[in-house]
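Just below is one structure, and these are the notes that go with it.
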Amino acid sequence: MLSLSLIRRSVTMGSSARRIRVLSTKMGSKDPMIKSPDEIKSYPATIKVYTRTGDKGTSALFTGERRSKSDSVFTALGTTDELSSTIGLAIAHIEGTDASSLITQLEIIQCLLQDVGSNVATPLGSARASKMKLSRTRFDPDGYHCTRMEQWIDDMSVGLPVHRSFILPSGGLAASTLHIARTVCRRAERTLVPLQEDIDKETMMFVNRLSDYLFVAARWVAMQQGITEKIYVHHKGRVTEFDK
Ligand SMILES: Nc1ncnc2c1ncn2[C@@H]1O[C@H](COP(=O)(O)OP(=O)(O)OP(=O)(O)O)[C@@H](O)[C@H]1O
């Protein structure tokens with residue numbers, strides 16, 4: 001079986017997996033979505049990344065429906081993609097540091113964001129969303145991922161310095177990148193709000209919890225790396241060396 005995550009990536013992130021699907025259709029498979037690993041291995045190594053079908057400003061949902069790329073669904077998909085990319089950058093800054101134990105969690109989250117994209121790309125109210133597609137793209141039905149992330153948040157929170165004031169996005173390259181990821185996450189959440197009728201409620205919960213996770217993760221990384229976070233101070237009347 002072609003793994004579900006591969007199928008999902010094909011819809012949401014523009015990977016070569018969709019080309020595999022297109023190719024398998026041409027090869028005459030009854031169900032183009034389901035291929036054995038051996039069949040996939042036998043595909044030519046140079047599968048084209050582009051189909052040119054999106055050149056006129058429309059693209060396809062997982063249901064096959066085509067919509068304008070300015071549609072809210074693609075805004076949400078694109079923002080989820082940005083979020084995952086930013087987490088990838090944070091991982092690159094964490095690698096090889098004292099905070100590297102966090103990478104497994106961040107990679108799991110990147111995979112879950114693919115699943116979020118699949119959920120978004122299969123609108124619940126769409127007449128073209130078959131039962132099979134809906135069950136494949138159902139996100140976190142028992143709330144497992146959200147609950148696990150809450151546990152991760154609680155675990156990381158132990159021992160973090162307590163501040164009475166705002167913590168500024170700071171704490172070194174890795175922590176600051178996680179803060180950027182947090183802000184992209186909040187933007188992703190805002191893009192999901194208009195789609196609430198068409199996505200699973202657990203998708204909203206997960207993305208909302210993820211911004212909390214990224215905030216705590218940024219602080220935890222700074223602490224692991226021995227970098228002091230910057231705290232908000234009220235500046236009115238405070239003289240700096242440039243004011244003299
Ligand atoms: N600009 C976009 N923003 C967000 N999501 C997009 C965008 N363009 C496409 N997508 C989504 O990502 C998937 C893969 O992207 P891809 O670039 O392959 O699509 P396309 O532009 O329609 O096709 P092609 O690039 O082959 O002409 C699409 O099926 C669609 O769900």
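Listed for the S85 side chain is a donor-acceptor partner under 3.5 Å among the backbone atoms of D81. Remark: the backbone N or O of Q114 is paired with a side-chain donor or acceptor of S118 at under 3.5 angstrom. D115 places no side-chain N or O within 3.5 Å of a backbone atom of F139 that could act as its donor or acceptor partner.
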>> Working note: Q105 + Y213, criterion side-chain hydrogen bond (donor to acceptor under 3.5 Å, both in side chains); need CA distance, chi angles, decisive distance, verdict.
In response: CA-CA 10 Å; Q105 288 180 10; Y213 169 89; 2.7 Å; yes
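Within the 4.5 Å cutoff, the side chain of V216 has heavy atoms near those of the L160 side chain. T58 places none of its side-chain heavy atoms less than 4.5 Å from the side chain of K69.
Residue T63 forms a side chain to side chain contact (heavy atoms under 4.5 Å, CB included) with just one option from L134, T137, T122, and that option is T122. The only member of D155, D154, T147 that meets side-chain hydrogen bond (donor to acceptor under 3.5 Å, both in side chains) when paired with Q151 is D155. Residue L178 is tested with L214, I87, L173 for a side chain to side chain contact (heavy atoms under 4.5 Å, CB included); the sole match is L214.
M205 is not connected to V193 by any chain of hydrophobic side-chain contacts under 4.5 Å among Ile, Leu, Val, Met, Phe, Trp and Tyr, and they are in different clusters. Following chains of ILVMFWY side-chain contacts shorter than 4.5 Å, one can reach I153 starting from M223, so the two form part of one hydrophobic cluster.
The structure places OG1 of T97 at 8.5 Å from CD1 of I227, a figure rounded to the nearest 0.5 Å.
A salt bridge links E65 and R67; the closest N-O separation between the charged side-chain nitrogens and carboxylate oxygens is under 4.0 Å.
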